[in-house]
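Along the sequence shown, the residues carry numbers beginning at 1.
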Amino acid sequence: MGQLNEKSTFESGFSEQIVEIAAITGASGVGAGRAGDDVMWTASIDLIARKDLSAGEAAAVEDIRLKWKVSDKEWEHSKHLLNSYSIVKLQVRQAEGSMMLVDVLDSAYRDDELEEILREAMRPVYYMDDTLGRFELDKRIKVFEKEALWEKKKCKLFFDFHKDERKMEAAIHTAHILFKD
């Protein structure tokens, strides 16, 4: 499939309506990948909160993926188009669960409501375990981690962040068993 067809197919998955939003970018920054026989990159960045500027809505805190198609040459520029943990003003087209980037209107946008959400998002998140101690969340990959000693050697313990805390407790329980043995 050529670049034009590939881009057209990609864009057909989004609403035709262009919406102006203010948004907060996530911790991981811009990434990209190619699937199968694609000749273009699908660049993307997570958004952790957004507000529709034309509707005058309050900010919605939700994880949503912002995506756009780029050639090899365009990818070099796109890597630095948006930074992690920043407030931006964008033109987008929407779809279920994602948005397509049309244009970056302001990469250093000011919005009091979003700035408060950003401050909260940047605070460290910890998981405390009475036996193993304090784990810190790496928000880029949504994994809790900590250094530990095992057999007198430094190691790192990791477990996935889950909204269902029982799944995290199960991972910690497994670590307890491993350290006992």
Practice task
Output, in order, the C-alpha distance, side-chain angles, deciding distance and verdict of side chain to side chain contact (heavy atoms under 4.5 Å, CB included) for S71 and Q3.
Solution key: CA-CA 8 Å; S71 66; Q3 282 189 6; 3.7 Å; yes
Practice task
Decide side chain to side chain contact (heavy atoms under 4.5 Å, CB included) for V88 and T25; before the verdict, give the C-alpha distance in whole Å, the side-chain angles of both, and the deciding distance to 0.1 Å.
Solution key: CA-CA 8 Å; V88 294; T25 58; 4.2 Å; yes
Handout entry: Test side chain to side chain contact (heavy atoms under 4.5 Å, CB included) applied to E20 and L105, step by step
Key = CA-CA 9 Å; E20 199 169 286; L105 302 175; 3.5 Å; yes
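Judged as a side chain to side chain donor-acceptor pair (under 3.5 Å), and not counting sequence neighbours, the contacts of H176 are D129. Contacts of Y109 classified as ring pair (Phe, Tyr, Trp, His ring centres under 6.0 Å), with partners at least two apart in sequence or in another chain: none. Take K51 and apply the side chain to side chain donor-acceptor pair (under 3.5 Å) test, not counting sequence neighbours, and it matches D111, E113. Taking the side-chain contact (heavy atoms from CB on, under 4.5 Å) definition, one finds that V104 meets it with L81, L82, L90, L101, S107, sequence neighbours left out. Applying the ring pair (Phe, Tyr, Trp, His ring centres under 6.0 Å) test to Y85 and every residue at least two apart in sequence or in another chain returns nothing. The salt bridge (charged side-chain N to carboxylate O under 4.0 Å, His left out) test applied to E76 returns K79, not counting sequence neighbours. F161 meets the ring pair (Phe, Tyr, Trp, His ring centres under 6.0 Å) test with no other residue; sequence neighbours excluded. The side chain to side chain donor-acceptor pair (under 3.5 Å) test applied to E62 returns R50, not counting sequence neighbours. For S54, the side chain to side chain donor-acceptor pair (under 3.5 Å) partners two or more places apart in sequence, or in a different chain, are D52. Scored by the side-chain contact (heavy atoms from CB on, under 4.5 Å) test, A175 finds L132 as partners (sequence neighbours excluded). Checked against salt bridge (charged side-chain N to carboxylate O under 4.0 Å, His left out), K156 has the following partners two or more places apart in sequence or in another chain: E145.
Side-chain atoms of V19 and Q91, non-hydrogen and from C-beta on, never get closer than 4.5 Å to each other. Within the 4.5 Å cutoff, side-chain heavy atoms of D164 are placed close to those of K167. You'll find the side chain of D38 stays beyond 4.5 Å of the side chain of F10, heavy atoms only.
Between R93 and E16 there is a salt bridge, since a side-chain N of the basic residue sits under 4.0 Å from a carboxylate O of the acidic one. Between D46 and R65 a salt bridge is recorded (basic side-chain N to carboxylate O distance below 4.0 Å).
At distances below 3.5 Å, not a single donor-acceptor pair connects side-chain atoms of S8 with backbone N or O atoms of L4.
Of the candidates Y126, F144, F159, F158, F159 is the only one forming a ring-ring contact (aromatic ring centres under 6.0 Å, His included) with F135.
For residues 97-106, there are no side-chain hydrogen bond (donor to acceptor under 3.5 Å, both in side chains) pairs, not counting sequence neighbours.
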